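Whatever order the structure lists them in is the order used to number ligands and atoms, beginning at 1. All values reported here derive from a predicted model rather than from experimental measurement. These values consider heavy atoms only, across backbone and side chains, with no hydrogens, waters or symmetry-generated copies. Residue numbers count from 1 along this sequence.
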Amino acid sequence: MQIEETALPGVMVLTPQRHGDARGFFSESWNRQTLQAAGLDLPDFVQDNHSLSAQPGTLRGLHYQAPPMAQGKLVRCGRGALYDVAVDARLGSPSYGQWVGVTLSAANGRQLWIPPGFLHGFVTLEPDTEVIYKCTQYYSPEHDGAVRWDSVGIDWGVEAPLLSEKDRLAPAFVQWESPFTYEGTA
Ligand SMILES: Cc1cn([C@H]2C[C@H](O)[C@@H](COP(=O)(O)OP(=O)(O)O[C@H]3O[C@H](C)C(=O)[C@H](O)[C@H]3O)O2)c(=O)[nH]c1=O
């Protein structure tokens, strides 16, 4: 397991080992002990999500669930490729409003760990991209929210992405009141 920090403290890139042979490869996509041995102790996951986006240039985000249903997410790509983005939304954080983006693909096997308190969004880079992610809290529509994709200064690499109605109507980051507060940890 390779663990890399990003420019945003707390947001990490995890790349599990792949055991290749003439058939293809085998990889343990999630193993708590492996991460603990590497010094990374993530919270428990309670829900796995899986989405398919048929068109490249599909953008889902920027999303969050407010406390007490805030979600940490471990995101990976099952098919295709995506540019995955996290934004620090914790009021009082030294990196508040800052973002980081990582290309995740079925080919590179990279995963992005996004702690609670961060907005999450992605834009797909290939047709029929499938995104699979583990969440540390259950889905709660009452706590679900969105911030406009183009209001944080993120370089998505697309001008006119395919958006849901919810994402089209989301408030801009500067108008949005974050429900998250920074607690002095990464
Ligand atoms: C998130 C979620 C959604 N749903 C239902 C609700 C809707 O009927 C349908 C599509 O939901 P939504 O349009 O919110 O899906 P995305 O736009 O992919 O949203 C997700 O994409 C971003 C990038 C995320 O990080 C979040 O997990 C989530 O906000 O699935 C569920 O049944 N369970 C769930 O956990």
Side-chain angles (χ1 to χ4, degrees), residues 6 8 10-14 29-30 42-90 93 95 97-106 108 110-158 160-173 175-180:
T6 68
L8 274 186
V11 178
M12 316 284 281
V13 177
L14 312 181
S29 52
W30 160 249
L42 299 186
D44 288 334
F45 294 107
V46 297
Q47 179 177 315
D48 275 11
N49 292 339
H50 180 178
S51 71
L52 164 68
S53 300
Q55 299 301 319
T58 298
L59 195 151
R60 298 176 186 248
L62 296 161
H63 297 163
Y64 66 95
Q65 284 196 173
M69 301 302 284
Q71 292 174 314
K73 295 164 191 167
L74 182 59
V75 187
R76 66 189 178 95
C77 181
R79 182 168 53 159
L82 62 141
Y83 186 62
D84 206 35
V85 173
V87 183
D88 188 351
R90 300 167 300 173
S93 167
S95 52
Q98 293 178 28
W99 62 276
V100 68
V102 178
T103 298
L104 309 180
S105 69
N108 71 23
R110 301 172 90 193
Q111 305 179 5
L112 191 62
W113 163 244
I114 303 167
F118 289 72
L119 305 177
H120 176 228
F122 62 81
V123 66
T124 58
L125 305 175
E126 293 180 12
D128 297 329
T129 288
E130 298 192 51
V131 183
I132 298 159
Y133 50 109
K134 306 179 87 68
C135 299
T136 60
Q137 189 48 276
Y138 295 107
Y139 177 54
S140 171
E142 304 75 43
H143 296 86
D144 191 48
V147 170
R148 269 189 69 91
W149 65 284
D150 57 355
S151 66
V152 178
I154 296 165
D155 180 9
W156 292 101
V158 290
L162 177 64
L163 298 166
S164 67
E165 188 69 10
K166 172 178 90 172
D167 291 348
R168 252 197 301 281
L169 300 175
F173 187 75
Q175 268 100 40
W176 172 67
E177 190 176 329
S178 172
F180 303 106

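Put simply, the side chain of T58 never gets that close to the backbone of T124: no donor and acceptor are under 3.5 Å apart.
Sequence neighbours left out, the pairs with a member in residues 76-85 that pass side-chain hydrogen bond (donor to acceptor under 3.5 Å, both in side chains) are R79-E130, D84-H120.
Closest heavy-atom contact between R148 and A172: CB-CA, 4.2 Å. Smallest separation of non-hydrogen atoms from L104 and V75: CD1-O, 3.5 Å.
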Under a 3.5 Å threshold, I'd like every N/O contact between ligand 1 and protein atoms, with atom names and distance.
| residue | atom | partner | partner atom | Å |
| --- | --- | --- | --- | --- |
| ligand 1 | 14 (O) | K166 | NZ | 2.9 |
| ligand 1 | 18 (O) | R60 | NH1 | 2.9 |
| ligand 1 | 19 (O) | H63 | ND1 | 3.3 |
| ligand 1 | 21 (O) | H63 | ND1 | 3.2 |
| ligand 1 | 25 (O) | K73 | NZ | 2.8 |
| ligand 1 | 25 (O) | H120 | ND1 | 2.7 |
| ligand 1 | 27 (O) | Y133 | OH | 2.7 |
| ligand 1 | 29 (O) | H63 | ND1 | 2.7 |
| ligand 1 | 35 (O) | Q47 | NE2 | 3.0 |

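For W176, the side-chain hydrogen bond (donor to acceptor under 3.5 Å, both in side chains) test picks out Y64, with sequence neighbours left out. Take N49 and apply the side-chain hydrogen bond (donor to acceptor under 3.5 Å, both in side chains) test, not counting sequence neighbours, and it matches Q47.
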